[in-house]
Amino acid sequence: MQAPSISRRNFIKLAGASGMLAGLPATAFAEQKTFSDGFLWGVASSASQVESRQGRGRSNWDDFADQKGRILDGSTNAVNTAFETHYAEDFAMLAAAGVNAFRFSFAWPRIQPDGPGKPNEAGMALYDRIIDEMLSRGMKPAATMCHWDMPTWAGDLRDRDITQRLADYADILTRRFGDRIGLWLALNEPNTVAAAGYALGIHAPGLASMQATGAAVHHQNLAQGLMIAAARANLPKDARVSTTINCQSARPATDSPEDAQAAEMAEAFWNGAWLDPLFGRDYPEKVRALVEPFVKAGDMENIAARPDCLGVNYYARVYAQAAAGSPLGFMPLVDHFPNKLIPTQMLPVEPDGLTEILLRIHTEYGAPDIYVTETGFPLEDPQPVDWVVQDPKRSTYLRSYLQAAHQAVDQGVKLRGVFYWAATDNWEWAMGFTKTFGLIQVDRATQKRTPKASLAYYAKCIKMNGVA
């Protein structure tokens, strides 16, 4: 028996017949909170996690993943979900649910596989097709220019020259695709890149040094400013140009004075070191010594891009513990979170932290328009039954985060959209395929796509433009 054809009517019918919304509290539909007109109900992805290596140059993450012991399950990013050949199928399923925006990233190694200069036309043409398919499905493209993947030839963030290479790359992208994309994001989570890749050694390029960390912080900030300027020079006035920061309020891991100090450092590094310069301020005092060797005349003016909006990724708060000798000045907890918090496969469920960080950004940085460019929940999902993966907890947790977002809106936050992470189950960096976030399940052996119950719940929220 074949699976039902994917249309909005069939999708919603399938949702009801399969009990996709099972597990929601009895009050789930008692109170409806709606968002503003034009609200973006999106999903997110990144090239490094969904595209295969086929047809592109070698990247920093290829180099990292191919080293034995770097990836938890021993997998690599060689195939991922083969998005470059399955994107139309993904978009059809998402459009049937009413998703009206899709956040994706360009693979820099696909655009410039062998070196600087003229882009690879085959890579450019692939993204032409992907973008046009999105638009034909009624989804607005939201483009991340660089989502962690850099061509091997470009070096790494210790090299100041990479800031100009990224600016040149932004110029290439916005000249070619600027007529069809209204929301542009320079980088994704530069704070995570600096912490995991240059301080803790658990992400590409696998470094653990204070000097490398300082360089990664400042050079990403400078790159963002130069990329935003390059994009603005090419784009129409109504385009929105920004970047995405992983914003999380910090808490001490314990009641000790040492952990309290660690949390102060975590606040400065995780949030202030990126938001303050972006909005025209100096680096926070606690991180100045880290970045000072790399700051040159004119840098802070270039970094102060004052974006048209702000992309905010939020999953949970960061819990900091003292760690003598750490390049960060603290260590974030990666497990054993406070008992009151609901666990997932990775971070805990902490919706009130979303309200908190949105209000802080609104209050402290001039009330910018904000997009939640990522939030989501890695859970152990069962196998499909009747063409559906039943994941009621994901729907329950998503509802709590949407409620938290709306509480921020009620207090004045200018929230313009939410992008769930992720559209599909992906290759999750150093975690490999061990963590599943997606609204669509992907069979690794066959690449078969199967919707999850949470996608049907998201469809209901989209239909009412609010919290179902």
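All values below come from the heavy atoms of this structure, side chains included, with hydrogens, waters and symmetry mates left out.
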For this session: Any chance you could lay out the salt bridge (charged side-chain N to carboxylate O under 4.0 Å, His left out) test for R56 and D62, step after step, and finish with the verdict?
Result: CA-CA 11 Å; R56 66 162 173 79; D62 300 341; 2.7 Å; yes
For this session: Indicate whether any N or O donor in one side chain lies under 3.5 Å from an N or O acceptor in the other, for T243 and Q224.
Result: yes
For this session: Answer with yes or no whether the side chains of Y315 and N246 bring together a donor and an acceptor at under 3.5 Å.
Result: no
For this session: Answer with yes or no whether the side chains of T81 and Q447 bring together a donor and an acceptor at under 3.5 Å.
Result: no
Exercise. Side chains of L341 and Y319: closer than 4.5 Å at any heavy-atom pair?
Worked result: yes
Exercise. Parallel, tilted or perpendicular for H203 and W148, by the 30°/60° rule?
Worked result: tilted
Exercise. Are D63 and T152 linked by a side-chain donor-acceptor pair shorter than 3.5 Å?
Worked result: yes
For this session: Before giving the answer on side chain to side chain contact (heavy atoms under 4.5 Å, CB included), spell out for I172 and M124 the whole-Å C-alpha distance, their side-chain angles and the decisive distance to 0.1 Å.
Result: CA-CA 10 Å; I172 289 170; M124 301 286 272; 3.7 Å; yes
For this session: Go through F377 and F437 one step at a time and tell me if the ring-ring contact (aromatic ring centres under 6.0 Å, His included) criterion holds.
Result: CA-CA 5 Å; F377 313 96; F437 284 85; 8.4 Å; no
Exercise. In terms of side-chain heavy atoms, does W421 have a donor or acceptor partner in T375 at a distance below 3.5 Å?
Worked result: no
Exercise. Is there a donor-acceptor pair closer than 3.5 Å between any side-chain N or O of Y127 and the backbone N or O of I111?
Worked result: no
For this session: Nearest 0.5 Å please: distance from the CG atom of L200 over to the OG1 atom of T192.
Result: 10.5 Å
Exercise. Do D352 and R317 meet the salt-bridge criterion of a basic N to acidic O distance under 4.0 Å?
Worked result: yes
Exercise. S105 and S46: side-chain donor and acceptor closer than 3.5 Å?
Worked result: no
Exercise. Taking atom types as modelled and ignoring hydrogens, do the side chains of R394 and Y420 form a donor-acceptor contact shorter than 3.5 angstrom?
Worked result: yes
For this session: Report yes or no: is the cationic atom of R306 (NZ for Lys, CZ for Arg) under 6.0 Å from the centre of the six-membered ring of F279, at an angle within 45° of the ring normal?
Result: no
Exercise. Is a side-chain donor-acceptor pair under 3.5 Å present for D308 with S242?
Worked result: no
For this session: Decide whether N234 and D171 meet the rule of one side-chain donor and one side-chain acceptor closer than 3.5 Å.
Result: yes
Problem set entry | CA sep, side-chain torsions, deciding dist, call: F83, F104, ring-ring contact (aromatic ring centres under 6.0 Å, His included) | CA-CA 11 Å; F83 175 76; F104 73 107; 8.1 Å; no
For this session: For atom NZ of K435, decide whether the heavy atoms of other residues, nucleotides or ligands shown that lie under 6.0 angstrom number more than 12.
Result: yes
For this session: Would you give the length of the straight line joining atom NE2 of H362 to atom CG of L415, rounded to the nearest 0.5 angstrom?
Result: 11.5 Å
Exercise. Is it true that K448 and D443 make a salt bridge, defined as a side-chain N closer than 4.0 Å to a carboxylate O?
Worked result: no
Problem set entry | Distance-only side-chain donor-acceptor flag, D425 / T436, under 3.5 Å | no
Exercise. Between R53 and N77, do the side chains contain an N or O donor and an N or O acceptor separated by less than 3.5 Å?
Worked result: yes
Problem set entry | Basic-acidic side-chain contact under 4.0 Å: R416, D369 | yes
For this session: Quick one: do R129 and E133 satisfy salt bridge (charged side-chain N to carboxylate O under 4.0 Å, His left out)? Show the steps, please.
Result: CA-CA 6 Å; R129 296 192 296 273; E133 182 70 21; over 6 Å; no
For this session: Determine the interplanar angle of the F39 and F35 rings, folded into 0 to 90°, and report it as parallel if under 30°, tilted if 30 to 60°, perpendicular if over 60°.
Result: parallel
Problem set entry | Given W61, W429, W427, the one that forms side chain to side chain donor-acceptor pair (under 3.5 Å) with Q49 | W429
Exercise. Can any side-chain N or O of N426 pair as donor or acceptor with the backbone N or O of E428 at less than 3.5 Å?
Worked result: no
For this session: Take L187 and T144, measure what side chain to side chain contact (heavy atoms under 4.5 Å, CB included) needs, and give me the verdict at the end.
Result: CA-CA 6 Å; L187 300 180; T144 308; over 6 Å; no
For this session: Check the surroundings of atom CD in Q411: do more than 12 heavy atoms from other residues, nucleotides or ligands lie under 6.0 Å from it?
Result: yes
Exercise. So, R103 versus N188: side-chain donor-acceptor pair below 3.5 Å or not?
Worked result: yes
For this session: Output yes when E356 and R360 qualify as a salt bridge under the 4.0 Å nitrogen-oxygen rule, no when they do not.
Result: no
For this session: Give a yes or no on whether E364 atom CD has more than 12 heavy-atom contacts from other residues, nucleotides or ligands under 6.0 Å away.
Result: yes
Problem set entry | L166 and W108: CA distance, side-chain angles, deciding distance, side chain to side chain contact (heavy atoms under 4.5 Å, CB included) verdict | CA-CA 9 Å; L166 279 161; W108 186 4; 3.3 Å; yes
Exercise. So, Q112 side chain and P119 main chain: donor-acceptor pair closer than 3.5 Å or not?
Worked result: no
